[in-house]
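Basis for what follows: all heavy atoms, side chains included, without hydrogens, waters or symmetry-related copies.
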There are 2 protein chains.
Amino acid sequence: MAKAGPASKIQPAEGGGSPTTRRALIEAAVETLKAEGFSGSSARSIAGRAGCNQGLVFYHFGSVVNLLLAALDAVSAERLERYSAAVDGVESPAELVDAAASIFEEDLDAGHVSVLVQMIAGASSTPGLGTAVAERIAPWTEFAQRSVDAAWGDSALTSVIPPGDIAHAVVAMYVGLEMLGHLDGDRGPALALFEHARALAALFSVPPAPDRPSGRSRTP
Amino acid sequence: MAKAGPASKIQPAEGGGSPTTRRALIEAAVETLKAEGFSGSSARSIAGRAGCNQGLVFYHFGSVVNLLLAALDAVSAERLERYSAAVDGVESPAELVDAAASIFEEDLDAGHVSVLVQMIAGASSTPGLGTAVAERIAPWTEFAQRSVDAAWGDSALTSVIPPGDIAHAVVAMYVGLEMLGHLDGDRGPALALFEHARALAALFSVPPAPDRPSGRSRTP
DNA sequence: GTCTATACTTGGATAGAC
DNA sequence: GTCTATCCAAGTATAGAC
């Protein structure tokens with residue numbers, strides 16, 4: 001069986017075209033989504049940023065939406081790799097929160113999350129786009145769940161909330177913090193939350209303590 | 001000194017016009033934002049939904065954005081009143097979470113939050129809109145903080161996270177859950193989270209127990 | 001593969017009749 | 001106050017020259 005493609009109809013054309021122009025357009029689409037949002041990301045504004053002609057958008061990607069999806073794919077892949085590397089080997093809750101905090105700060109500064117946010121918002125006005133975006137969010141929820149499992153596998157936290165629901169909450173918080181922070185450009189509250197989350201995470205952690213003979217957990 | 005208006009430049013024209021048509025346009029703008037998002041909310045599509053002419057948008061509100069802000073004001077006022085009534089008199093954390101859960105479910109079903117979400121997202125593409133929307137979110141953050149104070153005023157929770165940061169997180173979660181739920185129309189995860197939040201809230205609650213002589217709190 | 005030119009559509013906004 | 005008519009700007013998409 002060949003590699004299975006996305007289930008939705010909307011998808012970037014995989015066809016030919018100069019790789020350099022393709023990449024320039026994708027990069028420009030990312031920047032345009034960040035700077036002008038979904039409704040500001042027209043073929044003309046993107047091509048202008050890429051320094052090429054508007055018609056190339058349709059030659060390479062068939063439609064504007066497909067280019068925007070390719071842009072989302074690019075950002076998502078790049079960031080997922082970064083997150084995976086940072087979280088790799090992390091097992092304690094405090095380490096996980098620390099890693100997530102420092103990389104999320106990168107995201108806030110660079111505006112990576114707003115690419116996703118804008119595509120989610122834009123899905124309301126473009127039939128079929130919703131499922132295409134949902135497919136691209138799934139890897140993130142799965143990643144979050146794996147990370148939660150690794151850090152809180154057996155703890156008071158996961159006994160109160162299933163890891164899958166925690167993962168959903170984390171992604172939702174991720175998206176929500178980006179939206180609020182983007183409004184006034186103040187990333188302070190978001191960063192403060194991560195700082196506090198560190199203390200909260202410790203509350204719910206089960207100390208590894210392999211030498212302590214199955215004592216009672218610190219949390220009720 | 002007269003009542004102070006919003007600090008930002010963008011604001012709905014308070015001028016005349018038939019109140020019935022004004023209200024019809026606002027109502028139609030709300031529905032259009034819910035159904036077609038920010039980029040789908042043109043003067044023509046809104047007027048079509050309201051059953052009147054496109055030019056009336058500009059006669060009554062001056063611009064499309066101002067009409068959309070008036071729509072956000074209407075939804076925000078209506079929901080804030082509803083939330084205030086539901087939370088009024090609530091003091092225990094479990095009660096607060098219960099009240100919030102049932103009303104948030106209404107919001108998800110009716111799509112009230114997506115009006116806010118779309119305006120936040122649209123702010124990226126319209127200069128000046130960001131601060132105007134931020135002004136309309138502030139009452140919600142304040143409301144959340146008051147509610148948190150009433151329920152967790154002196155508890156382990158507020159000693160770990162300042163109420164202001166909790167309020168910010170709540171609003172962010174509110175926005176994020178709406179976005180994710182809107183993508184695939186599945187409100188299940190959001191509702192499940194509220195269910196679990198009930199148990200979490202109890203963990204952090206200080207039992208009122210007026211007859212117990214200042215014993216140690218249950219949480220470390 | 002990239003550009004120019006162009007057809008067609010939609011949207012914001014105004015003028016003027018009623 | 002509401003409608004019709006209209007202007008202009010911007011967007012999608014295609015055809016054809018180079």
### Query
What's the spacing between B:Arg146 CZ and B:Thr141 OG1 if we round to 0.5 Å?
10.5 Å
### salt bridge (Lys or Arg N to Asp or Glu O under 4.0 Å) assessment of A:Glu95 paired with A:Arg198
CA-CA 9 Å; A:Glu95 282 172 15; A:Arg198 217 179 162 285; over 6 Å; no
What's the closest nucleotide to the side chain of [X] if the choices are [options]?
{"X": "B:Leu56", "options": "D:dG1, C:dT2, D:dC3", "value": "D:dC3"}
{"X": "B:Asn53", "options": "D:dT4, D:dA13, C:dG12", "value": "D:dT4"}
{"X": "A:Tyr59", "options": "C:dT4, D:dT4, C:dG1", "value": "C:dG1"}
{"X": "A:Thr21", "options": "C:dG1, D:dA13, D:dC3", "value": "C:dG1"}

### Message
My understanding is that only one of A:Leu129, A:Val117, A:Val115 makes a side-chain contact (heavy atoms from CB on, under 4.5 Å) with A:Phe38; could you say which?
### Response
A:Leu129
### Query
So does A:Glu105 have more than 12 non-hydrogen atoms from other groups sitting under 6.0 Å from CD?
yes
### Query
Across the strands shown, which category fits A:Val64 at heavy-atom distances under 4.0 angstrom: base, sugar-phosphate, nothing?
sugar-phosphate
### Message
Please evaluate residues A:Glu106 and A:Arg82 with respect to the criterion salt bridge (Lys or Arg N to Asp or Glu O under 4.0 Å), reporting the C-alpha separation (whole Å), side-chain torsions for both, the decisive distance (0.1 Å), and the verdict.
### Response
CA-CA 11 Å; A:Glu106 284 179 19; A:Arg82 180 98 175 83; 2.5 Å; yes
Using atom types as modelled and distance alone, determine if a side-chain donor or acceptor of [X] lies under 3.5 Å from a backbone N or O of [Y].
{"X": "B:Gln118", "Y": "A:Ala121", "answer": "yes"}
{"X": "B:Ser42", "Y": "B:Ser45", "answer": "yes"}
{"X": "A:Ser76", "Y": "A:Asp73", "answer": "no"}

### Message
Please report the end-to-end axis angle for the helix from C:dG1-D:dC18 to C:dC18-D:dG1, five pairs per end, rounded to 10 degrees.
### Response
0°
### Message
What I want to find out is whether A:Arg22 reaches A:Glu27 closely enough, with some N-O distance under 4.0 Å, to be called a salt bridge.
### Response
no
### Query
Going by heavy atoms closer than 4.0 Å, what residues in residues 37-52 of chain B are next to DNA chain C?
B:Ser42, B:Ala43, B:Arg44
### Close residues, residues 115-122 of chain A, relative to DNA chain C [heavy-atom separation under 4.0 Å]
none
#### Entry: From A:Ser124, A:Ser41, A:Ser125, residue fulfilling side chain to side chain donor-acceptor pair (under 3.5 Å) relative to B:Ser39
A:Ser125
### Query
Considering the options B:Lys34, B:Arg79, B:Arg187, which one meets the salt bridge (Lys or Arg N to Asp or Glu O under 4.0 Å) requirement together with B:Asp107?
B:Arg79
### Query
Does B:Ser63 make a side-chain N or O approach to OP1 or OP2 of C:dG12 shorter than 4.0 Å?
no
### Query
Between D:dT2 atom C1' and B:Arg23 atom CZ, what is the distance in whole Å?
17 Å
